[in-house]
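Chain letters run A, B, ... following the sequence lines, proteins first, then strands; residues in each count from 1. Quick caveat: nothing in here was measured; it's all calculated off a predicted structure.
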Protein chains: 4
Amino acid sequence: MRALPPAHPFDDDKLKEECGVFGVTGVTDAANFVALGMHALQHRGQEAGGIVSHDPAHGFNSARRFGYVRDNFTKASLMETLPGSLSIGHVRYSTAGSKGNTQIRDVQPFFGEFSAGGAAIAHNGNITNAEALRRELIERGSIFQSSSDSECIIHLMARSLQRQVPERMKDALRRVEGAFSIVAMTRTKLIGVRDPLGVRPLVLGRIGEDGWALSSETCALDIIGAEFVREIEPGEMVVIENGEVASHRPFQPARPRFCIFEHVYFSRPDSILGGRSVYETRRQIGVELAREAPVDADIVCPVPDSGTPAAIGYSQESGIPYAMGIIRNQYMGRTFIEPTEQIRNMGVRLKLNVNRALIRGKRVILVDDSVVRGTTSRKIKEMILDAGAKEVHFRIASPPTSWPCFYGVDTPQREKLLAATMTEDEMCSHLGVDSLRFITLDGLYRAVGEANGRDPHAPQYCDACFSGEYPVEPADQIEKGFALKAAE
Amino acid sequence: MRALPPAHPFDDDKLKEECGVFGVTGVTDAANFVALGMHALQHRGQEAGGIVSHDPAHGFNSARRFGYVRDNFTKASLMETLPGSLSIGHVRYSTAGSKGNTQIRDVQPFFGEFSAGGAAIAHNGNITNAEALRRELIERGSIFQSSSDSECIIHLMARSLQRQVPERMKDALRRVEGAFSIVAMTRTKLIGVRDPLGVRPLVLGRIGEDGWALSSETCALDIIGAEFVREIEPGEMVVIENGEVASHRPFQPARPRFCIFEHVYFSRPDSILGGRSVYETRRQIGVELAREAPVDADIVCPVPDSGTPAAIGYSQESGIPYAMGIIRNQYMGRTFIEPTEQIRNMGVRLKLNVNRALIRGKRVILVDDSVVRGTTSRKIKEMILDAGAKEVHFRIASPPTSWPCFYGVDTPQREKLLAATMTEDEMCSHLGVDSLRFITLDGLYRAVGEANGRDPHAPQYCDACFSGEYPVEPADQIEKGFALKAAE
Amino acid sequence: MRALPPAHPFDDDKLKEECGVFGVTGVTDAANFVALGMHALQHRGQEAGGIVSHDPAHGFNSARRFGYVRDNFTKASLMETLPGSLSIGHVRYSTAGSKGNTQIRDVQPFFGEFSAGGAAIAHNGNITNAEALRRELIERGSIFQSSSDSECIIHLMARSLQRQVPERMKDALRRVEGAFSIVAMTRTKLIGVRDPLGVRPLVLGRIGEDGWALSSETCALDIIGAEFVREIEPGEMVVIENGEVASHRPFQPARPRFCIFEHVYFSRPDSILGGRSVYETRRQIGVELAREAPVDADIVCPVPDSGTPAAIGYSQESGIPYAMGIIRNQYMGRTFIEPTEQIRNMGVRLKLNVNRALIRGKRVILVDDSVVRGTTSRKIKEMILDAGAKEVHFRIASPPTSWPCFYGVDTPQREKLLAATMTEDEMCSHLGVDSLRFITLDGLYRAVGEANGRDPHAPQYCDACFSGEYPVEPADQIEKGFALKAAE
Amino acid sequence: MRALPPAHPFDDDKLKEECGVFGVTGVTDAANFVALGMHALQHRGQEAGGIVSHDPAHGFNSARRFGYVRDNFTKASLMETLPGSLSIGHVRYSTAGSKGNTQIRDVQPFFGEFSAGGAAIAHNGNITNAEALRRELIERGSIFQSSSDSECIIHLMARSLQRQVPERMKDALRRVEGAFSIVAMTRTKLIGVRDPLGVRPLVLGRIGEDGWALSSETCALDIIGAEFVREIEPGEMVVIENGEVASHRPFQPARPRFCIFEHVYFSRPDSILGGRSVYETRRQIGVELAREAPVDADIVCPVPDSGTPAAIGYSQESGIPYAMGIIRNQYMGRTFIEPTEQIRNMGVRLKLNVNRALIRGKRVILVDDSVVRGTTSRKIKEMILDAGAKEVHFRIASPPTSWPCFYGVDTPQREKLLAATMTEDEMCSHLGVDSLRFITLDGLYRAVGEANGRDPHAPQYCDACFSGEYPVEPADQIEKGFALKAAE
């Protein structure tokens with residue numbers, strides 16, 4: 001069954017990360033560790049997952065499945081087919097490729113047998129010149145098996161004139177544009193790479209005496225009891241073999257531009273980014289928001305669960321009591337049959353319920369992480385008013401999302417983004433709330449630790465979804481007619 | 001598949017309610033409403049669920065399934081087999097009957113064809129003289145199909161000399177001892193009953209012009225857009241037919257003894273009990289706890305999710321900041337294959353992760369709803385200390401649980417209850433924490449609204465799990481050797 | 001999955017037996033033997049099957065499943081739940097009960113817990129006064145769980161004033177009218193019973209030192225390596241305990257009337273009925289048919305597979321060569337999607353294909369076992385003519401089927417039987433063949449070994465489907481309006 | 001589910017064909033026709049099947065599944081994903097590739113996107129230089145997705161310097177050695193090819209006005225109502241587009257060497273090979289065998305089902321009556337749990353049962369199609385003797401199988417072939433039968449229509465499995481150490 005309950009209550013109105021990658025070497029039955037790591041990264045991709053392992057007796061082994069890690073990679077009968085002390089895994093939420101109609105062949109890791117031995121790769125991010133590369137490779141006789149942009153990498157590697165896999169990867173990745181954090185493996189090596197801007201995260205951990213792990217986030221190191229060592233640096237390739245980590249720099253140096261939305265929403269609150277708990281950063285966003293956009297009210301309520309840390313921060317800074325005005329159903333599902341008699345907002349009711357006795361007669365501040373299409377914000381506002389709230393004030397823990405992401409995030413087309421077509425005031429009256437305020441871009445930069453806010457001449461992060469300033473030109477998109485922001 | 005991820009992260013160390021019941025009449029395709037209601041009551045029973053409906057063309061229809069409501073009663077192909085404007089449903093977590101080895105025939109509602117027409121019943125609670133009744137009925141030639149205590153009721157009804165179903169029910173229930181909230185139906189009637197003490201909840205709601213609903217909790221009225229009318233009273237039977245509600249009083253009057261643990265843990269925080277939001281009662285427990293058991297610390301963290309409201313209350317009363325020190329994995333599962341190399345507390349890691357960067361160096365107050373066996377409390381303490389906490393103080397939102405429940409809750413045997421064999425100090429050193437305090441029984445009574453606390457001569461609630469004072473003698477248990485508390 | 005390919009290529013145009021029963025005692029892991037026996041009896045019921053076993057440690061165990069025995073009762077995980085040295089099983093093709101909409105609760109064996117111990121029963125046949133018994137039992141307070149006529153027996157047993165199960169069974173079966181071959185078990189006894197007329201078969205076999213088996217047919221003794229001992233006699237009850245077989249005679253003596261259609265079609269050709277191979281009887285039917293209804297032709301072809309033995313006999317008696325003019329697809333299935341462009345007789349093509357190169361230009365005798373609705377006979381005729389046959393002559397190995405069976409066979413309503421509304425000549429022109437001949441009733445009796453044919457005053461067999469003479473009055477049917485044959 | 005009941009009762013002791021291919025163009029919803037054709041070819045491959053279709057709106061569509069055609073390609077939800085008027089399909093029994101451990105990526109048709117458009121191919125046969133080709137292609141940068149020898153073809157096509165698919169195919173197939181009958185498609189063309197020797201069959205049929213079909217056997221034309229036009233000739237390529245069939249001759253002319261075992265066993269008896277019914281050829285083998293190897297006996301029995309036509313021929317030529325001494329269970333399955341008490345030959349009993357009452361005291365001639373390992377022949381002999389046969393004479397409808405096939409048939413290693421290590425007399429005493437005779441190679445040639453038998457200087461068929469004379473050198477095998485027959 002591919003139809004799964006959504007990860008977040010309003011998944012259909014959220015930006016959706018994309019993918020998570022994980023790899024481990026130097027441990028017995030490495031695939032069991034990889035399954036745990038993927039489980040901890042499940043929020044980065046719920047559609048499907050795959051694991052590749054290698055052991056000398058059986059060579060490379062792989063398993064790819066639709067659905068949650070917990071439902072597939074927990075079965076002894078499957079895990080026994082994945083022996084070895086070296087393994088990588090991938091959880092996927094389709095970004096490029098056949099969206100909504102994924103076939104199992106689109107599920108990573110991808111594997112290629114080369115003349116001097118094979119390799120498997122797992123990719124988080126998006127290649128912005130994938131279509132041009134694909135045309136070129138087909139012209140030369142490569143046969144693509146998937147609709148994934150990531151498959152280009154393995155074909156480029158297969159055609160490299162180099163013999164060794166790390167050299168083949170360097171060759172291949174120098175042709176690739178866009179965002180990538182990659183975990184790869186050969187028979188004996190575990191390899192990690194981040195693109196020159198370091199748009200997507202990738203961290204290194206240590207486990208036991210000789211073991212090493214690579215992961216999209218630190219929370220997946222915790223689950224396997226690995227110690228967080230450091231982030232892989234933008235533009236760095238690490239090659240781990242025989243318990244040793246070698247660092248390479250295959251690309252031209254560039255100014256890093258890490259994705260700021262990882263701080264806002266994508267990463268798990270218990271992960272560490274830039275040396276700080278993501279939870280704490282989000283709480284700090286709430287603090288900044290309370291300073292920038294105060295309002296007199298009775299209670300501060302999060303839209304669960306992603307708005308919770310910012311709501312706590314807002315409450316602490318403002319002194320207005322924090323309260324759980326909206327309760328999330330733990331057994332979500334969105335496919336119930338609509339009763340023929342009208343139930344207003346049934347879809348929302350399946351996921352959330354208003355704490356009616358608490359809300360009645362109150363002035364309520366609702367803190368949410370972002371507004372994408374705005375559809376669920378409207379429904380929540382109605383539920384709150386139906387329950388008898390006196391006022392509803394929305395406070396949003398990110399700036400208006402007005403541009404699509406082309407670096408590994410599933411965003412609607414630009415015209416579907418509420419903030420692409422409306423001002424803040426227009427959105428407020430569209431949503432029908434008493435007030436609506438977004439944190440400013442500078443406020444967000446301050447919350448992530450940039451005391452002076454955003455440097456407009458050399459922004460410290462990729463914030464294209466807010467600013468329209470794309471650090472890597474989205475070549476395939478431009479070819480298909482996407483209009484960049486006009487120079488000011 | 002019967003193997004399901006648990007509802008709460010430490011389900012194996014919680015008292016487990018039991019069952020939820022729901023019924024609706026006077027709406028088109030009533031079973032769709034029942035499915036929604038059962039989904040909202042899923043926390044009361046995750047093992048299995050069943051729906052019965054009736055329509056004139058097809059008679060009684062039923063479907064019983066293992067697993068979550070969202071995975072079964074959302075399929076058009078199934079729901080189409082449940083037509084009609086009158087329907088009842090049941091979600092089950094086995095209490096009596098073949099625990100852990102439930103067969104589909106144990107899943108309610110139970111149905112019986114009587115000489116003047118059939119009836120279906122769904123039961124929340126536990127019959128304390130079920131075994132004696134069963135022996136008697138078998139002796140007379142009844143054939144039992146399940147191992148459930150609830151099946152006695154339908155056989156007693158079948159043998160009643162009365163003709164009408166409500167009269168048969170009264171006849172039957174007068175023979176039954178214990179706790180019961182029942183939703184039943186005939187071809188035309190929706191029936192609700194509570195036992196004389198009203199141990200388990202049952203509420204009445206109104207939907208549309210002529211529709212009525214019965215539900216274990218108000219949160220299930222919300223999901224179908226029904227208006228909460230009132231609680232069914234202890235000892236009351238309501239018979240709803242043709243849009244009219246008739247109230248009967250089949251039993252000898254008695255002093256009500258509602259289950260106080262519904263306030264502490266079982267009911268959903270967005271339900272209303274005794275006219276007040278359960279969330280607010282739990283927050284108030286935290287307030288009481290902060291008054292009774294203050295401690296100097298840096299942060300107050302809930303054990304998610306059930307400790308959250310009390311932690312908020314504790315923080316508000318004490319002024320110590322509230323923080324999410326423990327993050328719950330939304331994609332739980334407990335069957336991952338243990339890596340051969342030791343991961344300490346892997347089971348816990350699958351469900352929870354400590355927010356390490358936040359906890360390090362802090363004095364932490366952890367607020368949990370209850371301590372049953374104490375096994376998970378130990379593990380959480382270790383995780384918190386591993387992450388570098390300086391001190392760990394447990395505050396528990398219920399008194400020590402030292403007696404089993406025989407009224408529809410799945411409790412371990414008495415000797416497995418930590419509080420049955422240790423004093424508070426012994427538990428503190430057993431758990432290895434810096435301090436451990438439970439709310440007092442009087443404090444809990446104050447939090448639920450009894451300003452003068454518990455009346456020791458006529459307790460306002462059933463609190464047998466804390467006090468050992470059983471309002472209904474557990475006859476089957478005593479026959480099997482259970483020792484009541486010695487009179488003082 | 002309930003959707004199964006049919007057992008015989010034209011299952012939808014055949015009379016369908018009904019059920020098969022099997023039991024074994026005195027062997028280790030008896031349920032494994034029962035599964036094998038049920039597999040050998042699968043032709044008697046493909047819809048579902050069930051096994052009950054007993055061992056002292058676990059008591060009674062049961063498993064009931066839809067689908068083939070080979071797909072369910074071959075899994076170690078299931079069979080391990082059925083321990084013990086005593087076990088019975090049942091394969092089912094619904095006759096009474098909710099046809100086409102069977103629920104798992106309708107699948108036998110049925111089990112009842114009585115005051116002095118439980119029993120399980122498996123029934124082949126049909127109770128002709130089941131509806132009256134059911135009404136009476138419900139009036140007294142019995143609760144029926146299934147729609148099966150067989151459930152009456154277990155309720156009658158539960159209400160018997162006797163203590164011992166064999167005595168309860170006698171009590172119950174004396175109230176029952178109709179056809180029954182029953183295999184039952186208690187904790188220690190294996191019990192077999194046939195109705196006074198012995199309409200349905202039941203045989204006794206010996207396995208190993210102390211083991212005994214009961215089976216609908218001898219072919220199921222062969223598969224477990226048991227030795228065929230004898231048939232259970234009409235009106236006999238055998239009770240097997242501690243390796244001893246005791247014979248009882250609970251009923252009034254009656255003249256036996258075994259079902260003659262078991263010889264024609266239901267039983268497997270390798271079973272032994274009345275001391276003779278069923279195959280040999282069917283071959284003899286072909287011999288009789290060649291004598292009664294000769295015709296000049298080039299080849300004799302069976303309609304596979306059930307017409308094969310009679311076709312061999314016809315060929316041997318007539319001297320016309322036997323040939324496989326119709327080839328059966330071994331991978332049947334009847335649910336392919338019809339191509340939009342017309343394929344004539346696609347349903348038939350899925351199951352059978354004409355051996356075109358063989359048939360072309362030939363005069364063909366087709367031998368089939370029976371004509372029920374005549375729908376497939378027409379299609380086969382068309383396929384044969386399409387392939388270029390010069391003449392088509394049908395020879396049928398049973399007399400015209402013109403009355404429904406009420407003793408455990410699934411027959412269409414009388415008006416759907418071709419022979420109920422047409423003479424032999426009318427059928428011939430309806431089917432559009434060059435000639436059509438059925439064996440006479442006397443010819444059939446001769447083939448089964450009655451040298452003088454049928455005794456019209458005291459027929460040796462039940463042949464109600466051909467003669468309309470019902471040896472047991474079908475009370476429920478008459479109440480519902482069925483008209484018996486007028487006395488001549 | 002991959003575990004399927006075997007196609008033939010002794011599949012584990014039979015040579016196993018390999019694959020079946022089918023394609024159709026010029027009909028609405030072509031994939032529905034392909035599913036039917038594959039169903040008719042199911043005996044050529046039961047492990048898995050795949051269909052590719054093309055329509056202008058959706059491009060190429062494909063579905064590949066493990067299991068029977070009837071269980072997969074009958075679902076509307078799947079077939080709706082395969083629209084278009086042009087479609088090909090493949091049923092597979094692994095020959096090369098990962099035997100017994102097939103992954104879905106090994107299931108054909110294979111698809112490749114080339115620079116001027118894509119193509120899908122389905123291959124029956126085996127490429128004898130596949131491993132060398134694979135090494136060469138990987139060296140150049142091709143990435144193989146399967147372990148199938150057939151994948152070489154699509155990579156060779158991708159690298160061809162030609163633009164058009166038919167030209168790419170010619171280019172590719174000129175590099176390929178071995179046996180191949182291929183059905184392929186582009187967006188608009190249906191293509192069929194046979195290798196120069198024409199080892200595997202391929203036929204052309206016509207359907208409706210403009211429709212054409214390609215099939216391994218004629219029986220699959222019958223099922224869709226197509227008219228058999230002619231065989232594709234050895235070395236011929238047909239390209240069908242816009243209702244026109246163009247014939248190409250891409251290879252050097254060669255003397256045809258069709259597989260003689262297709263006549264003996266692989267092809268369905270209702271197919272037409274070389275202008276004659278396969279059934280009739282097999283009956284004629286029985287006639288030849290009766291002439292070559294007569295014996296005095298009471299009955300001639302086939303080993304069902306494949307020995308049936310030869311047994312009929314033997315009976316007709318010898319005058320000894322034909323009889324069904326062995327009955328096949330229609331509901332095969334081979335995974336029942338062995339009862340702990342010994343059942344001799346249980347595996348055989350699941351599939352076959354001796355007609356004991358018929359066999360007792362008789363001298364029996366058993367006719368089987370071939371002897372491979374001899375394991376089941378022994379078991380059948382024992383069953384026959386257990387049933388009381390006086391004598392057992394085996395007559396085999398093919399010469400001794402003493403060499404493996406490398407052209408698309410799954411044969412055991414040479415040393416496992418009984419006839420590779422024993423003379424006919426040794427086999428007779430090994431099997432423990434009263435006599436054992438194989439048809440001679442000349443007798444077989446006469447039966448297939450070569451009145452003068454085999455031409456030893458220029459054999460008319462490929463008979464390598466009997467003669468050890470391989471018409472195409474098995475290069476990969478020789479490299480792996482296979483020893484060709486020494487020149488005489």
Side-chain angles (χ1 to χ4, degrees), chain C residues 5 7 27-29 32-33 35-36 39-40 42-43 46 68-71 73-74 76 79 207-208 219 222-225 268-270 272 276-277 279-280 305 308-309 312 316 321-324 327 329-333 335-341 343-344 346 349-350 353-358, chain D residues 5 7 27-29 32-33 35-36 39-40 42-43 46 68-71 73-74 76 79 208 219 222-225 268-270 272 276-277 279-280 283 305 308-309 312 316 321-324 327 329-333 335-341 343-344 346 349-350 353-358:
Chain C
V27 294
T28 307
D29 291 334
N32 290 338
F33 288 82
L36 286 164
H39 175 65
Q42 187 82 78
H43 60 289
Q46 294 93 44
Y68 289 147
V69 176
R70 68 161 195 238
D71 295 331
F73 296 101
T74 49
M79 297 311 290
I207 178 164
C219 64
D222 295 344
I223 204 172
I224 64 161
R268 247 174 60 171
D270 50 336
I272 293 171
R276 197 161 56 159
S277 147
Y279 167 83
E280 183 54 24
D305 287 350
T308 300
I312 291 171
Q316 288 170 343
Y322 173 82
M324 293 172 67
I327 303 294
N329 187 334
Q330 304 200 47
Y331 308 92
M332 278 184 295
T335 55
F336 279 82
I337 295 166
E338 292 238 9
T340 48
E341 290 166 50
I343 294 182
R344 285 212 303 164
M346 191 181 83
R349 287 174 199 272
L350 290 177
N353 193 26
V354 172
N355 200 332
R356 303 176 72 87
L358 177 77
Chain D
V27 294
T28 306
D29 291 335
N32 288 339
F33 288 82
L36 286 165
H39 175 64
Q42 188 81 79
H43 61 290
Q46 293 92 45
Y68 289 147
V69 176
R70 69 161 195 238
D71 294 331
F73 297 102
T74 48
M79 298 311 290
C219 65
D222 294 345
I223 204 173
I224 65 161
R268 245 174 61 172
D270 49 337
I272 294 171
R276 198 160 57 158
S277 146
Y279 167 83
E280 182 54 25
R283 196 190 64 82
D305 287 348
T308 299
I312 292 170
Q316 289 170 342
Y322 172 83
M324 294 172 66
I327 303 294
N329 186 335
Q330 303 200 48
Y331 308 91
M332 277 186 295
T335 55
F336 279 83
I337 294 166
E338 293 238 7
T340 48
E341 289 166 50
I343 294 183
R344 285 213 304 164
M346 191 182 81
R349 287 174 198 272
L350 290 177
N353 193 27
V354 171
N355 200 331
R356 304 175 71 88
L358 178 76

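- In this structure, the portion of Arg268(D) lying under 4.5 Å from any heavy atom of chain C is its side chain and not its backbone.
- Summarising the geometry, atom CG belonging to Asp305(C) is positioned 5.0 Å from atom CD belonging to Gln330(D); distances are rounded to the nearest 0.5 Å.
- Residue Ile327(C) holds its CD1 atom at 9.0 Å from OG1 of Thr308(D), rounded to the nearest 0.5 Å.
- Looking at every heavy atom in both residues, Ser277(D) comes nearest to Leu358(C) through CB-N, 4.4 Å.
- For Tyr279(D) (side chain) and Met324(C) (main-chain N/O), a donor-acceptor pair under 3.5 Å exists by modelled atom type.
- A donor-acceptor contact closer than 3.5 angstrom is absent between the side chains of Gln316(D) and Tyr322(C).
- In this structure, the portion of Ala40(D) lying under 4.5 Å from any heavy atom of chain C is its backbone and not its side chain.
- Using modelled atom types, no side-chain atom of Arg356(C) and backbone atom of Asp270(D) make a donor-acceptor pair closer than 3.5 Å.
- Counting all heavy atoms, side chain and backbone alike, Ile223(C) lies closest to Arg349(D) at O-CD, 3.2 Å.
- Looking at Val354(D), only its backbone comes within 4.5 Å of chain C, counting heavy atoms on both sides.
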Just do the side-chain contact (heavy atoms from CB on, under 4.5 Å) check on His39(D) and Leu350(C) with the steps written out, would you?
CA-CA 8 Å; His39(D) 175 64; Leu350(C) 290 177; 3.8 Å; yes
